[in-house]
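In what follows, a structure is listed as structure tokens, so that the remarks can point back to it.
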Amino acid sequence: VSSIEASRPVGVALIGSGRMGAYHGATLGQRLPGARLAAVADPAPGAAETLAAALGAGAAYTDPAEAFSDPAVEAVVIAAPARFHADLVVAAAGAGKAVFCEKPMGLQLADIDRAIDAARTAGVVLQVGFNRRFAADWAAARALLDDGTLGTPRLVRSVTRDPGGFDPSRVAPGTIFNETLIHDFDALRFLNPGAEAVEVYATADALVEPEWRDKGLLDTAVVTVRFDNGAVGVAEACFEATYGYDVRGEVFGSGGMATMGDGRRTGMVFSGPVGRAVDTVRSDQELLAGAYAAELAAFVDAVHGGTPATVGGEDARAALAIALAAAESVRAGRPVRIEEVSK
Ligand SMILES: NC(=O)c1ccc[n+]([C@@H]2O[C@H](COP(=O)([O-])OP(=O)(O)OC[C@H]3O[C@@H](n4cnc5c(N)ncnc54)[C@H](O)[C@@H]3O)[C@@H](O)[C@H]2O)c1
């Protein structure tokens, strides 16, 4: 590409304009010079039009297929509900568009395989929304792994605690693994570069909403992941933390330890009669604002440069395999090997 082409903003369509989509839309429309919000698509009546008008997008569609056939659209950002992801990736890639897809890229490995195949056949960029990799502290820990400072990883840890307020009737079985811990499973892989999970043991329960236990709700879970280099990972999640949104990580290696995420809203510490207090972050979009912007910046760079995404379809597949093994481990009450769920 010429330097003029390389500096031209990429026309991006947002597919799905809900909570996450609106945030990504604002990034594409207002925070990212390399991108231009060309269109918004959402089947909910009026949803795409409202967001497109607010963000100055070029077009609004109720059918994502219209965005895929829009010549002003070079790339798409998919933020629809998970069950639609794989079909949307296949359709967008089939139309020659570069694809950024929110996690999880699919709910079955066969669906992710279809998505990977479609992007490969079309020769388009395919990136998955594992934003934690782009948070400054997590990226800095990875740099210490890559330059050897941390040595060989022995123990890796990733923790997610949501602020609560969820409706248990709307939480599908497997959500804690497929939608929440999928970030942590990817984080464990990110902090143990080149290694792959071989065996998973999970324990999970409904501790926030115990009356929903009999209906299959899981709102609290701990997952142990054994890797092929011997390192052991622990991922844990709970859907309710009284103090806000909390994401933390640790990699403990032969050369030392790195810890990530202290959840402070600002650097201010208040000291008073009862002691010292810090204010905490309340939402994912507050805690990880920089990471959400950086992942889309990396996507746009990959589209401009014609280079592969740094976190792609195979990463989506590997994290989902851990999620499926964790769900099976809870069901069966025993450790589950990755090969059992990925046949
Ligand atoms: N990376 C993160 O930290 C993070 C955080 C929150 C959500 N997410 C992901 O973002 C995605 C969306 O989550 P959300 O919280 O915004 O959900 P949401 O329910 O707020 O919004 C979903 C939107 O998609 C629309 N939609 C439904 N079917 C569609 C289709 N076939 N094509 C296009 N749009 C469709 C809905 O009308 C709705 O506006 C999920 O995959 C979720 O896992 C990621």
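What you see below is based on every heavy atom in this structure, not just the backbone, and it leaves out hydrogens, waters and symmetry mates. Numbering of ligands and ligand atoms starts at 1, following listing order. Remember, it's a predicted structure, so these values are computed and weren't measured experimentally.
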- Evaluate salt bridge (charged side-chain N to carboxylate O under 4.0 Å, His left out) for Arg8 paired with Glu74, printing each intermediate quantity in order. CA-CA 12 Å; Arg8 191 176 43 82; Glu74 296 158 76; 3.4 Å; yes

- Query: For Tyr23, is the nearest heavy atom under 4.0 Å from an atom of ligand 1?
  - Reply: no

- Item | Candidate list Leu191, Asp315, Thr310, test side-chain contact (heavy atoms from CB on, under 4.5 Å), partner Arg133, passing option | Asp315

- Item | Heavy-atom nearest neighbour in the protein, as seen from atom 31 (N) of ligand 1, with distance rounded to 0.1 Å | Phe84 CG, 3.7 Å

- Closest heavy-atom approach to atom 26 (N) of ligand 1 among Ala47, Gly129, Pro81, Ala65 is made by Pro81

- Task: Just jot down the ligand 1 atoms closer than 4.0 angstrom to any heavy atom of Ile15, in number order.
- Result: 33 (C)

- Message: If I apply the N/O under 3.5 Å rule, does His85 come out as touching ligand 1?
- Response: yes

- Message: Can you report which non-hydrogen protein atom sits closest to atom 44 (C) of ligand 1, along with the distance?
- Response: Glu102 OE1, 3.2 Å

- Query: What atoms of ligand 1 come within less than 4.0 Å of a heavy atom belonging to Ala44?
  - Reply: 37 (O)

- Query: Does any donor atom in the side chain of Asp70 or Tyr61 lie under 3.5 Å from an acceptor atom in the other side chain?
  - Reply: yes

- Does the protein put a heavy atom less than 4.0 Å from atom 17 (O) of ligand 1? no

- Task: Report, in ascending order of atom number, the atoms of ligand 1 lying under 4.0 Å from any heavy atom of Gly16.
- Result: 24 (O), 33 (C), 34 (N)

- Task: Among all protein heavy atoms, pick the one closest to atom 3 (O) of ligand 1 and tell me residue, atom and distance.
- Result: Tyr292 OH, 2.5 Å

- Would you say Met20 has any N or O atom under 3.5 Å from an N or O of ligand 1, going by distance alone? yes

- Of the protein's non-hydrogen atoms, which lies at the shortest distance from atom 38 (C) of ligand 1, and what is that distance? Asp42 OD2, 3.5 Å

- Message: Going by the rule side chain to side chain donor-acceptor pair (under 3.5 Å), which residues pair with Arg226 if we only count those two or more places apart in sequence or in a different chain?
- Response: none

- Message: Under 4.0 Å from a heavy atom of Pro64: which atoms of ligand 1 are those, numbered in the order shown and with their elements?
- Response: 32 (N), 33 (C)

- Query: If you count the atoms of ligand 1 from 1 in the order shown, which ones are under 4.0 Å from a heavy atom of Asp284?
  - Reply: 5 (C), 6 (C)

- Heavy-atom side-chain proximity of Lys97 to Val124 below 4.5 angstrom: no

- Message: With salt bridge (charged side-chain N to carboxylate O under 4.0 Å, His left out) as the rule and sequence neighbours excluded, what pairs involving residues 249-274 come up?
- Response: Asp262-Arg264, Arg265-Asp279, Arg265-Glu286

- Note on the structure: Min over Pro43, Ala80, Gly21, Ala291 of heavy-atom distance to atom 11 (C) of ligand 1 lands on Ala80

- CZ of Arg189 to OG of Ser158: how many Å apart, nearest 0.5 Å? 13.0 Å

- Is there a side-chain contact between Tyr245 and Arg282, using heavy atoms and a 4.5 Å cut-off? no

- Item | Within-4.5 Å side-chain heavy-atom neighbours: His85 and Glu102 | yes

- Task: Take the angle between the ring planes of Phe166 and Phe239 and call it parallel below 30°, perpendicular above 60°, tilted in between.
- Result: perpendicular

- Message: Which residue and atom name correspond to the protein heavy atom nearest atom 21 (O) of ligand 1, and how close is it?
- Response: Gly18 CA, 3.2 Å

- Query: Do Asp205 and Thr220 have side-chain N/O donor and acceptor atoms under 3.5 Å apart?
  - Reply: no

- Note on the structure: Ranked by distance from atom 20 (O) of ligand 1, the top protein heavy atom is Arg19 N, 2.9 Å

- For His183, the atoms of ligand 1 under 4.0 Å from one of its heavy atoms are 1 (N), 2 (C), 3 (O)

- Query: Does Ala79 come within less than 4.0 Å of ligand 1, judged by its heavy atoms?
  - Reply: yes

- Item | Test side-chain contact (heavy atoms from CB on, under 4.5 Å) applied to Leu14 and Val40, Leu55, Ile78, Asp42, the passing residue | Val40

